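Quick notes on the structure that follows.
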Amino acid sequence: MTLANAELDSGILRSAFGQFPSGVVALCAEIDGVPVGMAASTFVAVSIDPPLVAFCVQNTSTTWPKVAAAGRIGISVLGEEHDVAARTLAAKTGNRFEGLDVTTTEDGAVFIGGASMWLDATVTEEVPAGDHAIVLMRINELEIKHVAPIVFHGSKFRRLATEVGS
């Protein structure tokens, strides 16, 4: 077998990475009484004991340093009705929370209504990884909502269609 010898420029890599479907999360916290948040499609479960999750964030993000400074971060696994919310939360400008139903805890974690799961988390470590950082977070509390998730694949938001097998 011979793999194609393509130039590994950013467009080719983005297209290649887009072949792997992923869930989409909102990472949000209240900062000085105002919700601040972002969307990410690089979220992964890491460990059950201790309870850890991770996501990757661009080093150039101006939102992440604000959210990371919060003691508690709300992670909402976005539901299949959140295609507009995912785009809004990923936008560079404008009100990222316009039209969203949000819940804020006493500790400042902000959650998006209609999500399939809420995780209250605390950053434990950031590991440099090229033009990104891998952010490791400990889960403090969670609530499962049993809503079908939205999926990001091929640079598009998609819904899960059917179950395969039994």
Side-chain angles (χ1 to χ4, degrees), residues 10-11 13-32 34-46 52-105 108-124 126-127 129-160:
S10 62
L13 285 170
R14 187 170 282 113
S15 177
F17 293 164
Q19 296 307 305
F20 183 75
S22 62
V24 182
V25 298
L27 298 116
C28 307
E30 187 175 79
I31 311 294
D32 298 325
V34 177
V36 177
M38 58 189 286
S41 62
T42 55
F43 178 79
V44 63
V46 174
L52 300 172
V53 294
F55 87 104
C56 299
V57 62
Q58 289 181 344
N59 294 334
T60 57
S61 173
T62 57
T63 304
W64 175 244
K66 296 171 191 170
V67 175
R72 301 291 269 268
I73 298 169
I75 302 171
S76 300
V77 178
L78 298 182
E80 64 182 9
E81 300 301 323
H82 283 127
D83 52 326
V84 173
R87 291 183 207 293
T88 303
L89 286 162
K92 302 280 187 208
T93 60
N95 178 358
R96 292 183 179 177
F97 293 89
E98 186 174 341
L100 295 181
D101 174 29
V102 298
T103 298
T104 304
T105 68
V110 176
F111 298 103
I112 308 299
S116 62
M117 180 173 53
W118 289 349
L119 302 170
D120 175 303
T122 305
V123 174
T124 61
E126 287 193 35
V127 179
D131 60 0
H132 280 63
I134 301 168
V135 181
L136 193 62
M137 295 178 283
R138 182 181 183 96
I139 300 169
N140 303 307
E141 300 175 81
L142 65 81
E143 186 171 332
I144 300 169
K145 302 290 194 170
H146 300 289
V147 172
I150 195 165
V151 176
F152 191 67
H153 176 258
S155 297
K156 294 179 178 149
F157 295 107
R158 303 173 189 270
R159 291 181 174 88
L160 298 176

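Everything quoted here is computed from the prediction, not taken from an experiment.
Here the closest non-hydrogen pair linking Ala121 and Asn140 is C-ND2, 3.4 Å. Between Val147 and Gly79, the shortest heavy-atom contact is CG1-CA, 4.1 Å. Nearest heavy atoms, Cys28 versus Gly37: SG-CA, 3.9 Å. When all heavy atoms of Ala68 and Glu126 are compared, the closest pair comes out as CB-OE2, 4.1 Å.
The side-chain hydrogen bond (donor to acceptor under 3.5 Å, both in side chains) search around Ser61 returns none, not counting sequence neighbours. Partners of Arg96 according to the side-chain hydrogen bond (donor to acceptor under 3.5 Å, both in side chains) rule, which considers only residues two or more places apart in sequence or in another chain, are Thr63. The ring pair (Phe, Tyr, Trp, His ring centres under 6.0 Å) check on Phe55 picks up Trp64, with sequence neighbours excluded. Applying the side chain to side chain contact (heavy atoms under 4.5 Å, CB included) criterion to Thr105, with sequence neighbours excluded, gives Asp107, Ala109, Phe111, Asp120.
Summarising the geometry, atom CG belonging to Leu119 is positioned 13.0 Å from atom CZ belonging to Arg138; distances are rounded to the nearest 0.5 Å. Put simply, CE on Met137 and OG1 on Thr122 are 9.5 Å apart, with the number rounded to the nearest 0.5 Å. Separating the CG atom in Asp83 from the CZ atom in Arg159 is a distance of 5.5 Å, to the nearest 0.5 Å.
Residues Asp101 and Ile112 form no side-chain contact, since every pair of their non-hydrogen atoms from C-beta on lies 4.5 Å or further apart. Leu52 has its side chain out of reach of Ile139: every pair of non-hydrogen atoms, C-beta onward, lies at least 4.5 Å apart. Using a 4.5 Å cut-off on side-chain heavy atoms (C-beta onward), Val44 and Val53 make no contact. Counting heavy atoms from C-beta outward, Val123 and Val135 have side chains that approach closer than 4.5 Å.
A side-chain donor-acceptor contact under 3.5 Å links Asn59 to the backbone of Gly130. Here the side chain of Ser41 pairs no donor or acceptor atom with the backbone of Val24 at under 3.5 angstrom. A side-chain donor-acceptor contact under 3.5 Å links Ser116 to the backbone of Val77.
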(request) Test side chain to side chain contact (heavy atoms under 4.5 Å, CB included) on Met38 and Leu89 and set out the steps. (result) CA-CA 5 Å; Met38 58 189 286; Leu89 286 162; 5.9 Å; no
(message) Is there a side chain to side chain contact (heavy atoms under 4.5 Å, CB included) between Ile73 and Val67? Walk through the geometry before answering.
(response) CA-CA 7 Å; Ile73 298 169; Val67 175; 4.0 Å; yes
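Contacts classified as salt bridge (Lys or Arg N to Asp or Glu O under 4.0 Å) and involving residues 145-155 (residues at least two apart or in different chains) are given here: Glu143-Lys145. Applying the ring pair (Phe, Tyr, Trp, His ring centres under 6.0 Å) test to pairs two or more places apart or on separate chains, none has a residue in residues 78-97.
Ion pair Glu30/Arg72 not flagged as a salt bridge, since none of the NZ, NE, NH1 or NH2 atoms sits closer than 4.0 Å to an Asp/Glu carboxylate oxygen.
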